[in-house]
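Keep in mind that this is a model prediction, so the values were computed, not measured.
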Amino acid sequence: MAPGTSKARSTAALAELDTLRREFRARIATSSRPPVFTSRVGVVLSGGGARGAYEAGVLMAFQDAQVPTHIIAATSVGSINAASYAAHAEGFIGRTEPLVDAWLELTPATLGIDWSRYIFLLAGLVAASAGIGNFIWLWMQQHGVYLKSYHPKFTWLALGVAGVSILLFADKLSYVGYVTMKFARARHWEPDWRKTWVSIGANVLVWGFIFLFLDFTYIHLPLEDNSTLEVSTHVPMLVAMLVLLLLYKLLQDPLSKLSHRFLRMPLRTGLFPNFDRIKFLRARIPQEKLRNSAIRIIMTATDIQRGAARFFSNAPVEVLLTDPGVNEEFVRKEVEQPQDLVLAAVASSSYTFAYEAVSMDGRLWTDGGIMTNQPVLPALRLGADVLFLVLIAPLEGASQTEAIKTFLDVGVHAVDILISKNFNSDIAMLSNINRFCSVYANEMGVKPEQLELEIGKQRYRFVKFFNIAPEKPLVAAALDFDSEIISPIIVQGYCDAGKVIQQFLEYEASCPPRESRRVVRLAAERPEGNFRVTKK
């Protein structure tokens, strides 16, 4: 598609967003808003690469509705969205214009997604092969050994096509041999005939051009009486290939280890470096404003060496402990404030396999989605009374229409599955606690929000939660950073959030204030061998 067409579609989506914002603000202004927001509001943002643009639209709806956001628990790309929103906030109301502008500026190049680097690596491999090959060639010529061809152009073209064929079909070549062995052993087995024919075609292509190369060449050998001998390359090359195959079988394990060490140099801990992403984010997220923001940000990252999740906060631990409803044990044991908050956001969003792991404070960090892609518990432990759970996949688990072609696609869909399972588990936990609180509130003739149940050292409270999710899968893959794709997703996030926010405003208008909450201590007693629960 032409760049002009792409830009026009993006502009049209933004014009639609401006219209929607005016209409939404007017609708909010005439709705029944509570005079004071008494709930401590938490927003939970998950990961999803380019689909995280949906969260930018959601946060813009929070800004336009002037809903105070006290806590944002985020992971992966959600951490970047949260950091930008909080860094540009005024009090508990964030600003999303810089965030949306940043999303629309994104291109694969600005994020360091540059597949051409592997072409350079391949060019380096070709250059190394050519250099060593020509060295051997000249050494042979100095000793009177020549490799000549009848048709030089066709000879080298045949070798080049054979090499390209091996690159394209390396994983297809062996299947026909596997099928042949099965039939040779007379085993009852039905092969995958499509794979079989593809394998046959790949072998014909590769070995056919290798045969042409051998057929066009011959070896010129010097003899002791100053005469020469010309030998066809078929026999010596076949012997050489058999010897190489035998050596490969004998040395397969050490060769594999050597290849692993060699490949680790260009691949490192991810396909792409983080340099460009860090530079892009540092220019758009003011770190000091983020550190001093009233909105509490919790970014989840994975300590890849210890296999544990860690929670980075924009506020010091001592400050977090002064917030209402905070779980002291969680904050002291699992939360830390890193010196570099932008680098922490990069670490949280270093999508596994795609981006290199981030070295920070002597540890190696990668995407927080590995451990907890929907960080509900951190938001609860920081004292949220109301939760907005923002998902980038449909709640009903609609089937994915995108083709799964690469290992990155597999990773994205695996994360989607984890999100869905973790989300269902967290929703079940929240629902059970809410039901538990509702039962006791009903007995005491009060609202569930007015109770906090204490059982031993644990406290449980009623938490109202709202889901914000697209109805259908978002039309973007993890690395589709293109304004034409991203802009409609932002609009969709804004629309979906607007509907839910109006439900929240109705709930908040009738919600009892936090000050009316009282603690009900539940203790287990054992009269005559039976357990029963009593209120104190």
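Applying the ring pair (Phe, Tyr, Trp, His ring centres under 6.0 Å) rule to Y507 yields no partners; only residues at least two apart in sequence or on another chain are considered. Here E454 pairs with R459, R521 under the salt bridge (charged side-chain N to carboxylate O under 4.0 Å, His left out) rule; sequence neighbours left out. Applying the side-chain contact (heavy atoms from CB on, under 4.5 Å) criterion to N467, with sequence neighbours excluded, gives L389, L395, F423, I427, F465. D385 pairs by the salt bridge (charged side-chain N to carboxylate O under 4.0 Å, His left out) definition with R461, R514, R517, not counting sequence neighbours. For V317, the side-chain contact (heavy atoms from CB on, under 4.5 Å) partners at least two apart in sequence or on another chain are L321, V331. Partners of Q492 by side chain to side chain donor-acceptor pair (under 3.5 Å), not counting sequence neighbours: none found. For E90, the side-chain contact (heavy atoms from CB on, under 4.5 Å) partners are R95, not counting sequence neighbours. A search for salt bridge (charged side-chain N to carboxylate O under 4.0 Å, His left out) contacts involving R194 returns nothing, not counting sequence neighbours. Partners of K333 under the salt bridge (charged side-chain N to carboxylate O under 4.0 Å, His left out) rule, at least two apart in sequence or in another chain, are E329. L377 is linked by a side-chain contact (heavy atoms from CB on, under 4.5 Å) to L380, R381, M429, counting only residues two or more places apart in sequence or in another chain.
P512 and T38 get closest at one heavy-atom pair: O-OG1, 3.9 Å. The shortest non-hydrogen separation linking V346 to S350 is O-OG, 2.8 Å. Heavy-atom minimum distance, E55 versus G78: OE1-CA, 3.2 Å.
Remark: aromatic rings of F312 and W365 are close, center separation under 6.0 Å. Here the two rings, on F311 and F330, have centers that are under 6.0 Å apart.
With F275 as the aromatic partner, K279 does not meet the cation-pi criteria of under 6.0 angstrom to the ring centre and within 45 degrees of the ring axis. R282 forms no cation-pi arrangement with F280, by the criterion of a distance under 6.0 Å to the ring centre and an angle within 45° of the ring axis.
By the 4.5 Å heavy-atom criterion applied to side chains, H88 and P286 are counted as neighbours. Put simply, the side chain of L451 reaches to within 4.5 Å of the side chain of V446, judged on heavy atoms. Between V67 and I501, the closest side-chain pair of non-hydrogen atoms falls below 4.5 Å. Using a 4.5 Å cut-off on side-chain heavy atoms (C-beta onward), V390 and V44 make no contact. By the 4.5 Å heavy-atom criterion applied to side chains, L364 and V358 are not counted as neighbours. A heavy-atom distance below 4.5 Å is not found between the side chains of T302 and D367.
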Could you check T110 against R277 for side chain to side chain donor-acceptor pair (under 3.5 Å), going step by step and ending with a plain yes or no?
CA-CA 7 Å; T110 58; R277 282 204 311 145; over 6 Å; no
Is there a side-chain contact (heavy atoms from CB on, under 4.5 Å) between I295 and I71 once you walk through the steps?
CA-CA 6 Å; I295 300 175; I71 304 159; over 6 Å; no
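In this structure, K195 does not pair ionically with D192, as no charged nitrogen and carboxylate oxygen lie closer than 4.0 Å. A salt bridge is absent between R27 and E23; no separation between the charged side-chain nitrogens and carboxylate oxygens falls under 4.0 Å. Salt bridge R310/E336: present, at least one basic N to carboxylate O contact under 4.0 Å.
Relative ring orientation between F388 and F62 is described as perpendicular, the plane-to-plane angle rising above 60° on a 0-90° scale split at 30° and 60°. Ring geometry, F504 versus F466: the interplanar angle exceeds 60°, so the pair is classed perpendicular (tilted spans 30 to 60°).
No option in S349, S84, S348, P375 other than S348 meets the side-chain contact (heavy atoms from CB on, under 4.5 Å) test with S79. Of the options I72, L341, L45, a side-chain contact (heavy atoms from CB on, under 4.5 Å) to I297 is made by I72 and by none of the others.
We find the CG-CG distance between N327 and L320 to be 12.0 Å, quoted to the nearest 0.5 Å.
Here side chain to side chain donor-acceptor pair (under 3.5 Å) pairs that include residues 312-325, with residues two or more places apart or in two chains, are R40-D323, R296-D323. Within the structure, the side chain to side chain donor-acceptor pair (under 3.5 Å) test picks out the following pairs touching residues 62-73 (sequence neighbours left out): R21-D64, R25-D64, Q63-T96, Q63-E97, D64-Y494.
In this structure, a donor-acceptor pair under 3.5 Å is absent between the side chains of E356 and N274.
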